[in-house]
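Counting convention: from 1, in listed order, for ligands and their atoms alike.
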Amino acid sequence: MITSPFLSLSRHPFSHTSHHFPTGAASQSSIFLPKFQSFAFGNHAGSEFPSGSCSNALRRKRVSVVCSKSTLTVEEVAERGVKGKGEEFDAIVIGSGIGGLVAGTQLAVKGARVLVLEKYVIPGGSSGFYQRDGYTFDVGSSVMFGFSDKGNLNLITQALEAVGCQMQVVPDPTTVHFHLPNNLSVRVHKEYDKFIDELTSYFPHEKEGILKFYSECWKIFNALNSLELKSLEEPLYLFGQFFQKPQECLTLAYYLPQNAGAIARKYIKDPNLLSFIDAECFIVSTVNGIQTPMINASMVLCDRHFGGINYPLGGVGGIAKSLAKGLIDQGSEIVYKANVTGIIIEQGKAVGVRLADGREFFAKTIISNATRWDTFGKLLKGVPLPKEEENFQKVYVKAPSFLSIHMGVKAEILPPDTDCHHFVLENNWSKLEVPYGSIFLSIPTVLDSSLAPEGRHILHIFTTSSMEDWEGLSRVDYEAKKQLVADEIINRLENKLFPGLRSSIDFIEVGTPKTHRRYLARDKGTYGPMPRGTPKGLLGMPFNTTGIDGLYCVGDSCFPGQGVIAVAFSGVMCAHRVAADIGLEKKSPVLDAMLLRLLGWIRTMA
Ligand SMILES: NC(=O)c1ccc[n+]([C@@H]2O[C@H](COP(=O)([O-])OP(=O)(O)OC[C@H]3O[C@@H](n4cnc5c(N)ncnc54)[C@H](O)[C@@H]3O)[C@@H](O)[C@H]2O)c1
Ligand SMILES: CC(C)=CCC/C(C)=C/C=C/C(C)=C/C=C/C(C)=C/C=C/C=C(C)/C=C/C=C(C)/C=C/C=C(\C)CCC=C(C)C
């Protein structure tokens, strides 16, 4: 029975025993890492949202609404998909990351019958969660853009509302606290003026440049925020927006091929300040400013002050859980432990999928939330790589994966007023993009103490790391290497932020690129696409349609790229394009053909 997607949570296949850290090589180092365990996103919570409590007297917003349950059994779902061969489901979504879930739910509310097939045991992918020893850990980022109650760009809020779900959120007063070379310590306050004052206090000679750069970001953000966001591949909508908001659309078209670093250099000369802008870009794109599309930079550099960063009470995993519940509430289905191993093509059209256990499901359209590398490299067998994908792979490579450390620590180790998110790069700007060079740290318990046992905090630490570093090692060497790398990172955090950190550790688990490949089903555990060279802004980033009829992609290897809010937008765009193609939205076949050809041509210029 899948009466609720959460029923399976307590009996999933990955609740295996955690491996304790071996002695031997690792024990010879000077480290003390109690309960050091190998990392698996297992032991998930049951169906209830953790109730949470609001620490630091921060204000809670909104009230959660519980959506109803599905009544179909797995067998009935399978029956539906098989019977009518493409008539039963309007869309099959491969994967339940935020991209896939937003595409699925948006289609479901338009009246489509959707089947989401998820390899893992809970929804969310990189935005999932896992529980250990009383701690609830976010698998990926805890910094949530697009989760406010105002404007048009609060796409997470809108996606939840579309299926009748809301979540309580805690506003974060500081998006990130930067700890950078030359003792540059900058807090990105929610209040824009306060942030600008703090930054300007380090670079008084660049005050004008700072104001001009961030003002240009606001120009783009305001244009974006004025539009109704739908598929840029759907001409009736796109031309309609140009007609209603010509100035805003022309602004966006003008900035589409531009990058943040080049614009910053028009106004700013101080190399340290330019490096700061690089760090601002790096945390959201894993590349420097020169390679970061200006539209994406503007989106995040302004939304944090406009809507602010808001943390969902109970953890990030609640977003995917709510969307999955909402999907079912709309009469659609989600099946877990459903590993899609192939997309079925008939007469050049994607018509269904095959699972590892041999089951086949059919639908009018197939939407892949797996990365484009996984979709075209693994799921489409025997099909030549379409030209568009060749172009994509020419312009973009897989960004490295990351090493993540989930820790529980004694609360007293954190000084009062510690911020929730930190970015640490101690001495050398040139290490910004180097593996293990910069450290990301989130302490979500600063905002929601219910995520950890009383008197404890969560430290989620991550840093970029490549698969190549972790392959070909024996089990013992692999575990020893995890401990050594984690030890070094803990040393750095002890020196920079929290003296005595090591002795306060109550729980620790380390994940490597292999962990992320295994549990997130992402090729090489990649963080997402990253440009090979200097891209022409967002111009080369593909939208949702593909060279295969009936096959669409959604997620971070689609426009506009990495980021939870970015993949939510990709989900909205995908659902709109698919809805038009299956007759649930207006469409013009003649204009479609013209626009798709035009967009294909524009992408070749990237
Ligand atoms: N540490 C971090 O902050 C971090 C890490 C990685 C990604 N991210 C972000 O998360 C977002 C990614 O979201 P997304 O929606 O693109 O995808 P996702 O990678 O989060 O989710 C994809 C889902 O598809 C499932 N899947 C993949 N292949 C499958 C198959 N063959 N059969 C069945 N299920 C399959 C996976 O199990 C996963 O649940 C991006 O914002 C990215 O930047 C964040
Ligand atoms: C079509 C054509 C050609 C033309 C036309 C023109 C127009 C109209 C255009 C339009 C456009 C649009 C609409 C666009 C849109 C865009 C968007 C929405 C975008 C978005 C983006 C976003 C992003 C990128 C985000 C990201 C984020 C991220 C990644 C995050 C992350 C985080 C993290 C990692 C955390 C950190 C941590 C610490 C520090 C601790």
Side-chain angles (χ1 to χ4, degrees), residues 93-103 116-120 122-128 138-146 153 155 175-178 223-224 227 229-230 232-233 238 241-242 245 248-256 283-286 292-293 295-300 303 320 338-342 353 355-356 368-371 374-375 378-379 399 401-402 404 420-423 439-443 460-462 516 519-522 525-528 538-539 543 554-573 595 598-599 602:
V93 182
I94 306 168
S96 67
I98 297 296
L101 283 173
V102 171
V116 177
L117 296 169
E118 169 55 52
K119 182 176 175 181
Y120 193 40
I122 55 157
S126 338
S127 306
D138 295 332
V139 163
S141 167
S142 303
V143 181
M144 290 296 115
F145 295 88
L153 289 167
L155 296 171
T175 305
V176 55
H177 187 164
F178 284 103
L224 274 178
L227 299 188
L229 294 182
K230 285 176 136 192
L232 300 173
E233 285 187 292
L238 185 65
Q241 289 295 300
F242 264 99
K245 308 254 176 189
E248 288 81 355
C249 288
L250 288 172
T251 300
L252 293 171
Y254 173 72
Y255 284 104
L256 208 57
I283 63 171
V284 293
S285 64
T286 60
T292 302
I295 290 189
N296 283 3
S298 306
M299 171 65 213
V300 290
D303 185 47
N339 179 16
V340 175
T341 50
V353 297
L355 304 193
S368 177
N369 187 203
T371 71
D374 288 285
T375 304
K378 294 180 188 155
L379 301 182
S401 183
F402 45 94
S404 41
C420 180
H421 305 290
H422 302 259
F423 181 81
I439 302 174
F440 297 78
L441 163 66
S442 289
I443 315 170
H460 177 196
I461 305 157
F462 51 106
H516 294 96
Y519 289 101
L520 304 178
R522 300 171 68 91
T526 179
Y527 190 88
L538 275 171
L539 222 52
F543 293 103
V554 71
D556 60 14
S557 45
C558 301
F559 185 100
Q562 299 171 17
V564 177
I565 181 178
V567 299
F569 180 43
S570 134
V572 170
M573 290 201 297
L595 180 65
L598 175 71
L599 292 176
I602 289 176

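Nearest non-hydrogen protein atom to atom 29 (C) of ligand 2 is Val284 O, 3.1 Å. Protein heavy atom nearest atom 18 (C) of ligand 2, with residue, atom name and distance: Phe569 CD2, 3.6 Å. The protein heavy-atom contact nearest to atom 4 (C) of ligand 2 is Leu256 CD2, 4.0 Å. Of the protein's heavy atoms, Leu224 CD2, 3.4 Å lies nearest to atom 14 (C) of ligand 2. Atom 11 (C) of ligand 2 has as its closest protein heavy atom Leu232 CD1, 3.8 Å. For atom 25 (C) of ligand 2, the nearest protein heavy atom (residue, atom name, distance) is Val300 CG1, 3.4 Å. Given atom 38 (C) of ligand 2, the protein heavy atom at minimum distance is Phe440 CD2, 3.7 Å.
A distance-only check finds no donor-acceptor pair linking the side chain of Ser442 to the backbone of His421 [under 3.5 Å]. Under a 3.5 Å cut-off, the side chain of Asn369 and the backbone N or O of Val93 do not form any donor-acceptor pair. Using a distance-only test at 3.5 Å, with no hydrogens or angles considered, a donor-acceptor pair links the side chain of Thr526 to the main chain of Ala399. Side-chain N or O atoms of Asp556 include none that pairs as donor or acceptor with a backbone N or O of Val567 at under 3.5 Å.
With ligand atoms numbered from 1 in the order given, ligand 2 contributes 23 (C), 24 (C), 25 (C), 26 (C), 29 (C) to contacts under 4.0 Å with heavy atoms of Gln562. Listed by number with element, the atoms of ligand 2 under 4.0 angstrom from any heavy atom of Leu441 are 40 (C). Which parts of ligand 2 touch Ser442 is read off a 4.0 Å heavy-atom cut-off, strictly below it: atoms 40 (C). Less than 4.0 angstrom separates some heavy atom of Gly563 from each of these atoms of ligand 2: 26 (C), 27 (C), 28 (C), 29 (C). Distances below 4.0 Å separate heavy atoms of Ile565 from the following atoms of ligand 2: 22 (C), 25 (C). Annotation for ligand 2: atoms under 4.0 Å from non-hydrogen atoms of Val176 are 39 (C). Interface atoms of ligand 2 facing Val143, defined by a heavy-atom separation under 4.0 Å, are 35 (C), 36 (C), 37 (C). Heavy-atom contacts of Ala566 reach the following atoms of ligand 2: 22 (C), 23 (C) (cutoff under 4.0 Å).
Contacts of Leu538 with ligand 2, taken as heavy-atom pairs under 4.0 Å, are absent altogether.
Among Gln241, His177, Met299, the residue whose heavy atom lies closest to atom 21 (C) of ligand 2 is Met299. When the heavy-atom distances from atom 9 (C) of ligand 2 to Leu252, Leu153, Leu599, Ile283 are ranked, the shortest goes to Leu252. Counting only non-hydrogen atoms, the option in Phe462, Tyr527, Phe242 that gets closest to atom 34 (C) of ligand 2 is Tyr527. Remark: among candidates Pro560, Ser570, Gly140, the nearest residue to atom 19 (C) of ligand 2 is Pro560, based on non-hydrogen atoms.
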* To do: Evaluate side-chain contact (heavy atoms from CB on, under 4.5 Å) for Val139 paired with Leu520, printing each intermediate quantity in order.
  => CA-CA 10 Å; Val139 163; Leu520 304 178; 4.3 Å; yes

* Trace of the side-chain contact (heavy atoms from CB on, under 4.5 Å) decision for Ser126 with Arg522 -> CA-CA 10 Å; Ser126 338; Arg522 300 171 68 91; 4.1 Å; yes

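Note: Leu252 CG to Ser298 OG = 9.5 Å, rounded to the nearest 0.5 Å. Rounded to the nearest 0.5 Å, atoms CG (Leu598) and CD (Glu233) are 11.5 Å apart. If you take CD1 on Ile98 and CG on Leu155, they are separated by 12.0 Å, rounding to the nearest 0.5 Å. Distance check: Ile295 CD1 to Thr251 OG1 gives 9.5 Å after rounding to the nearest 0.5 Å. Distance check, rounded to the nearest 0.5 Å: CG of Leu441 to OG of Ser142 gives 9.5 Å. Residue His422 holds its NE2 atom at 11.0 Å from CD1 of Ile461, rounded to the nearest 0.5 Å.
Taking each heavy atom of Ser285 and Thr292 in turn, the nearest pair found is OG-OG1, 2.8 Å.
Ligand 2 has Ser141 within reach: a non-hydrogen atom of the residue lies less than 4.0 Å from it.
The number of heavy atoms from other shown groups lying within 6.0 Å of OH (Tyr254) does not exceed 12.
Note on ring orientation: taking the six-membered ring where Trp is involved, the planes of Phe462 and Phe440 are parallel (angle under 30°, cut-offs 30° and 60°). Using bins of under 30°, 30° to 60° and over 60° for the plane-to-plane angle, the ring pair Phe543/Phe559 lands in the tilted bin.
Sorted by chain and number, the residues within 4.0 Å of ligand 1 by heavy atom are Ile94, Gly95, Ser96, Gly97, Ile98, Gly99, Leu117, Glu118, Lys119, Gly124, Gly125, Ser126, Gly140, Ser141, Ala338, Asn339, Val340, Asn369, Ala370, Leu379, Phe402, Leu520, Ala521, Arg522, Tyr527, Gly555, Asp556, Gln562, Gly563, Val564, Val567.
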